[in-house]
Q: 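Okay, here's the structure, questions in a sec.
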Amino acid sequence: DKRYHIVKELVEVEKEYVESLQTIVEKYMVPLKNNPALLDASSVAEIFHWIPEIRTQHTIFLSLLENAWKSWTSDTTIGDQIAVMFKKRTVVEFYCSFIENFARSERSLETALQQKSAFQRFVE
């Protein structure tokens, strides 16, 4: 079934995305939050604006996709799950806010890289 392979690919791509978001949170955001000498709390919040919440929503979506894929039959559909996921007010708000904040996030990151040598070492 062609749809099975498409869903399998969607699961794999979503899993990679969730893992990337998890890496950002665990390897960068949390250590920076816990070490204000590297970067102040407001800069951390600005740089990682809504990342944990976006990760949570995509983790839920991944679980829905994996369940559909693992119990796949010729009658299985996922379009409704995709629509529900991306019509959620919270998901739309997270992404809209993330996009609106992106330029501020970049500026904050650039400033930190230029002014804080400890932060530069951490990033490297």
Side-chain angles (χ1 to χ4, degrees):
D1 183 3
K2 189 176 188 180
R3 292 179 315 121
Y4 172 83
H5 294 290
I6 292 169
V7 172
K8 179 182 177 189
E9 180 69 20
L10 186 57
V11 167
E12 290 170 4
V13 168
E14 188 67 19
K15 187 173 186 176
E16 288 175 17
Y17 184 57
V18 169
E19 288 170 355
S20 296
L21 291 170
Q22 187 66 25
T23 298
I24 290 168
V25 170
E26 289 178 358
K27 303 273 185 193
Y28 297 97
M29 191 189 90
V30 170
L32 288 169
K33 243 182 177 175
N34 293 334
N35 192 344
L38 289 174
L39 196 61
D40 61 274
S42 64
S43 294
V44 172
E46 197 162 65
I47 291 169
F48 299 101
H49 188 71
W50 291 119
I51 296 291
E53 293 80 6
I54 290 170
R55 178 202 55 193
T56 298
Q57 294 301 315
H58 278 276
T59 300
I60 293 166
F61 182 54
L62 174 60
S63 178
L64 292 171
L65 289 175
E66 286 177 327
N67 288 337
W69 181 60
K70 288 176 185 173
S71 59
W72 190 263
T73 68
S74 60
D75 297 328
T76 303
T77 61
I78 62 159
D80 54 339
Q81 294 172 348
I82 293 170
V84 166
M85 171 66 185
F86 292 101
K87 283 185 178 178
K88 282 186 191 176
R89 181 181 172 109
T90 53
V91 173
V92 172
E93 287 174 358
F94 291 154
Y95 271 107
C96 287
S97 183
F98 176 82
I99 291 165
E100 288 170 2
N101 184 70
F102 191 76
R104 285 188 298 275
S105 176
E106 278 187 316
R107 281 193 303 275
S108 190
L109 183 58
E110 287 171 12
T111 300
L113 286 169
Q114 291 170 359
Q115 296 176 353
K116 297 193 176 254
S117 58
F119 178 70
Q120 288 173 340
R121 285 190 298 276
F122 172 80
V123 172
E124 291 171 358

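Every value quoted in this text rests on a predicted model; they were computed, and no experiment measured them.
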Q: Check whether any side-chain heavy atom of Phe48 sits under 4.5 Å from a side-chain heavy atom of Leu32, and report yes or no.
A: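 Of all side-chain heavy-atom pairs linking Leu32 with Phe48, at least one is under 4.5 Å.
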Q: Would you say Val91 and Phe61 make side-chain contact, with heavy atoms under 4.5 Å?
A: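 Not in contact.
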Q: Could you tell me if the side chain of His5 sits less than 4.5 Å from the side chain of Lys2, heavy atoms only?
A: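 No, side chains not in contact.
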Q: First locate atom CD of Glu9, then atom CD of Glu12, and finally report the distance between them rounded to the nearest 0.5 Å.
A: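 Separation between the atoms: 5.5 Å.
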Q: Within the 4.5 Å heavy-atom criterion, are Phe98 and Ile51 side-chain neighbours or not?
A: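 SC-SC contact between Phe98 and Ile51 confirmed.
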Q: For Asp75 and Thr73, which I'm curious about, is there any donor-acceptor pair between the side chains at under 3.5 Å?
A: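 Absent: no donor and acceptor within the cut-off.
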Q: Are the side chain of Asn101 and the backbone N or O of Arg104 linked by a donor-acceptor pair below 3.5 Å?
A: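 Between the backbone of Arg104 and the side chain of Asn101 there is no qualifying donor-acceptor contact (under 3.5 Å).
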Q: Same hydrophobic cluster for Val84 and Val7, using side-chain heavy-atom links shorter than 4.5 Å among ILVMFWY?
A: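 No; Val7 is not reachable from Val84 via cluster members.
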Q: Scan residues 80-96 for pairs that pass side-chain hydrogen bond (donor to acceptor under 3.5 Å, both in side chains), counting only residues two or more places apart or in two chains.
A: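 Listed by first then second residue: Tyr17-Tyr95, Gln57-Lys88, His58-Tyr95, Arg89-Glu93.
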Q: Nearest 0.5 Å, what's the CD1-NE2 distance between Ile99 and His49?
A: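 Ile99 CD1 to His49 NE2: 10.5 Å, rounded to 0.5 Å.
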Q: Is there a path of hydrophobic side-chain contacts, each under 4.5 Å between heavy atoms, that joins Leu62 and Ile6?
A: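 Hydrophobic grouping puts Leu62 apart from Ile6.
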Q: Looking only at heavy atoms, what is the nearest atom pair of Leu39 and Ala112, with distance?
A: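 In this case the closest contact between Leu39 and Ala112 is CD1-CB, 3.4 Å.
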Q: Can you check whether Leu65 reaches Trp69 side chain to side chain, under 4.5 Å on heavy atoms?
A: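 A side-chain contact is absent here, since even the closest heavy-atom pair is not under 4.5 Å.
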Q: What are the two closest heavy atoms between Phe86 and Val92, and how far apart are they?
A: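 Taking Phe86 first and Val92 second, the nearest heavy atoms are O-CG2, 3.5 Å.
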Q: Do the side chain of Ser71 and the main chain of Asn67 share a donor and acceptor less than 3.5 angstrom apart?
A: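 Yes, because the side chain of Ser71 sits within donor-acceptor range (under 3.5 Å) of the backbone of Asn67.
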Q: Can you get from Val13 to Ile60 by hopping between Ile, Leu, Val, Met, Phe, Trp and Tyr side chains that sit under 4.5 Å apart?
A: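 Unlinked, Val13 and Ile60 end up in two clusters.
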Q: Can you see which heavy atom on Glu26 is nearest to which on Pro31, and at what distance?
A: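 The pair with the smallest heavy-atom distance is O-CD, 3.2 Å.
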Q: For Arg55 and Val25, which heavy atoms make the closest approach, and how far apart are they?
A: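 Closest heavy-atom pair between Arg55 and Val25: NH1-CG1, 3.3 Å.
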Q: Does Trp50 have its ring centroid less than 6.0 Å away from the ring centroid of Phe94?
A: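 Centroid distance Trp50-Phe94: below 6.0 Å, so yes.
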Q: To the closest 0.5 Å, what do you measure between CZ (Phe122) and CG (Asn35)?
A: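 One gets 8.5 Å once the value is rounded to the nearest 0.5 Å.
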Q: For Thr77, is there any backbone N or O sitting under 3.5 Å from a side-chain donor or acceptor partner on Arg3?
A: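 No; judged by distance alone, with no hydrogens or angles, the pair does not exist.
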Q: Hey, what do you get for NZ (Lys8) to NZ (Lys70), rounding to the nearest 0.5 Å?
A: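 Interatomic distance, Lys8 NZ to Lys70 NZ, rounded to 0.5 Å: 13.0 Å.
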Q: Between Ile78 and Leu64, is there a shared hydrophobic cluster once you connect ILVMFWY residues whose side-chain heavy atoms come closer than 4.5 Å?
A: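 No, it is not one cluster - the side chains of Ile78 and Leu64 are not joined through contacts under 4.5 Å.
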Q: Decide whether Phe102 and Leu113 are clustered together by the hydrophobic rule: side chain heavy atoms of Ile, Leu, Val, Met, Phe, Trp, Tyr closer than 4.5 Å, transitively.
A: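 Result: yes, single cluster for both.
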Q: Let me confirm one number: the OG-CG distance from Ser108 to Asp40, rounded to the nearest 0.5 Å.
A: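 Spacing of OG (Ser108) from CG (Asp40) equals 7.0 Å.
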Q: Indicate yes or no for a side-chain donor-acceptor contact from Thr111 to the backbone of Arg107 under 3.5 Å, with no hydrogens or angles considered.
A: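 Between the backbone of Arg107 and the side chain of Thr111 there is a qualifying donor-acceptor contact (under 3.5 Å).
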Q: From Glu53 CD over to Leu21 CG, what is the distance, rounded to the nearest 0.5 angstrom?
A: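 It comes to 11.0 Å.
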